[in-house]
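Below, chain A is the first sequence line, B the second, and so on; all start at residue 1. A quick note: this is a predicted structure, and the numbers were derived from the prediction, not measured.
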Amino acid sequence: EAQVTQNPRYLITVTGKKLTVTCSQNMNHEYMSWYRQDPGLGLRQIYYSMNVEVTDKGDVPEGYKVSRKEKRNFPLILESPSPNQTSLYFCASSQGNRNSPLHFGNGTRLTVT
Amino acid sequence: DAKTTQPPSMDCAEGRAANLPCNHSTISGNEYVYWYRQIHSQGPQYIIHGLKNNETNEMASLIITEDRKSSTLILPHATLRDTAVYYCIVRTTGTASKLTFGTGTRLQVTL
């Protein structure tokens, strides 16, 4: 089944403790992206990657890192999480052109205390 | 990015057609109209997209006006499971795959 898989689904951590949220897609998509969703602010793009070893900042990149060493994986790294990064995170992938839908994972709910 | 305007909420009786409108009066000639929905806090689900012509798939139909300044998503026979927030998005010509989500329409399907 074609899908975008994120792990974990839920994560509770403390301020400053490094964490990684994994994202994997099995559709051979070139494009991958991370979004966060917050009440009243909607979905905002954090980082995106047009292909392996090519990443770029989205609208809200501060406090996040990403890497794209393989086509299928696009982990989101929080080196020193803070409470304002408590949010619902979504990974997405697509073939990378305007005529190709973006497919989203089921989300990771992160709480930083 | 072309801005979209959607009503904040709509109701629909189960079994009836749900018609969700969207205005995108500043859309450019080569920008696509996409529709997604989000059920509770699940990941946004792709529904349909189009450029100029009307489109239909197993989930819905998309009607785009001739001047492309507005569109309507049609769920032909709404069920309770179609209760969700529906987002109309105009996909930019710049960063190829970025989607800018607005506030959407909360569709409530009732018995």
What do you reckon, is [atom1] of [X] surrounded by more than 12 foreign heavy atoms closer than 6.0 Å?
X         : atom1 : value
Arg106(B) : CZ    : no
Leu41(A)  : CG    : yes
Arg81(B)  : CZ    : no

Greatest number of heavy atom pairs closer than 4.5 Å to chain B - which of Gly42(A), Ser33(A), Pro101(A):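 Most heavy-atom pairs within the cutoff with chain B belong to Pro101(A).
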
Main-chain N/O of Leu102(A) paired to Tyr34(B) side chain as donor or acceptor, under 3.5 Å: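 Such a contact is absent between Tyr34(B) side chain and Leu102(A) backbone.
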
Side-chain donor or acceptor of Arg91(B) paired with backbone N/O of Ser100(A) under 3.5 Å: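 Between the backbone of Ser100(A) and the side chain of Arg91(B) there is a qualifying donor-acceptor contact (under 3.5 Å).
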
Residue pairs involving residues 58-79 of chain B (criterion ring pair (Phe, Tyr, Trp, His ring centres under 6.0 Å); sequence neighbours excluded):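 Ring pair (Phe, Tyr, Trp, His ring centres under 6.0 Å) check on residues 58-79 of chain B returns no pairs.
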
Interchain contact, Thr103(B) with chain A, by part (heavy-atom threshold 4.5 Å):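 Neither; nothing under 4.5 Å.
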
Interchain contact, Gln38(B) with chain A, by part (heavy-atom threshold 4.5 Å):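 Contact with chain A involves the side chain of Gln38(B) alone.
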
ILVMFWY network linking [X] to [Y], side-chain heavy atoms under 4.5 angstrom:
X        : Y        : value
Trp34(A) : Leu19(A) : yes
Ile47(B) : Val90(B) : yes
Tyr64(A) : Val4(A)  : no
Ile89(B) : Tyr31(A) : yes

CA sep, side-chain torsions, deciding dist, call: Asn99(A), His49(B), side-chain contact (heavy atoms from CB on, under 4.5 Å): CA-CA 8 Å; Asn99(A) 194 23; His49(B) 74 284; 2.7 Å; yes

Straight-line distance of Leu99(B) CG to Leu43(A) CG, nearest 0.5 Å: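 Reported value, rounded in 0.5 Å steps: 9.5 Å.
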
From CZ (Phe101(B)) to CD (Gln45(A)), nearest 0.5 Å: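 One finds 10.5 Å between CZ of Phe101(B) and CD of Gln45(A).
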
Toward chain B, the part of Gln6(A) with a non-hydrogen atom under 4.5 Å: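 No part of it gets close to chain B.
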
Proximal component of Arg109(A), with respect to chain B [non-hydrogen, under 4.5 Å]: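 Side chain only.
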
Tyr46(B) vs Phe104(A) side-chain heavy atoms within contact, under 4.5 Å: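 Not touching, per the 4.5 Å side-chain cut-off.
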
Pro44(B) and Tyr35(A), any side-chain heavy atoms less than 4.5 Å apart: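 When only atoms from C-beta onward are counted, Pro44(B) and Tyr35(A) do not touch, as no gap falls below 4.5 Å.
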
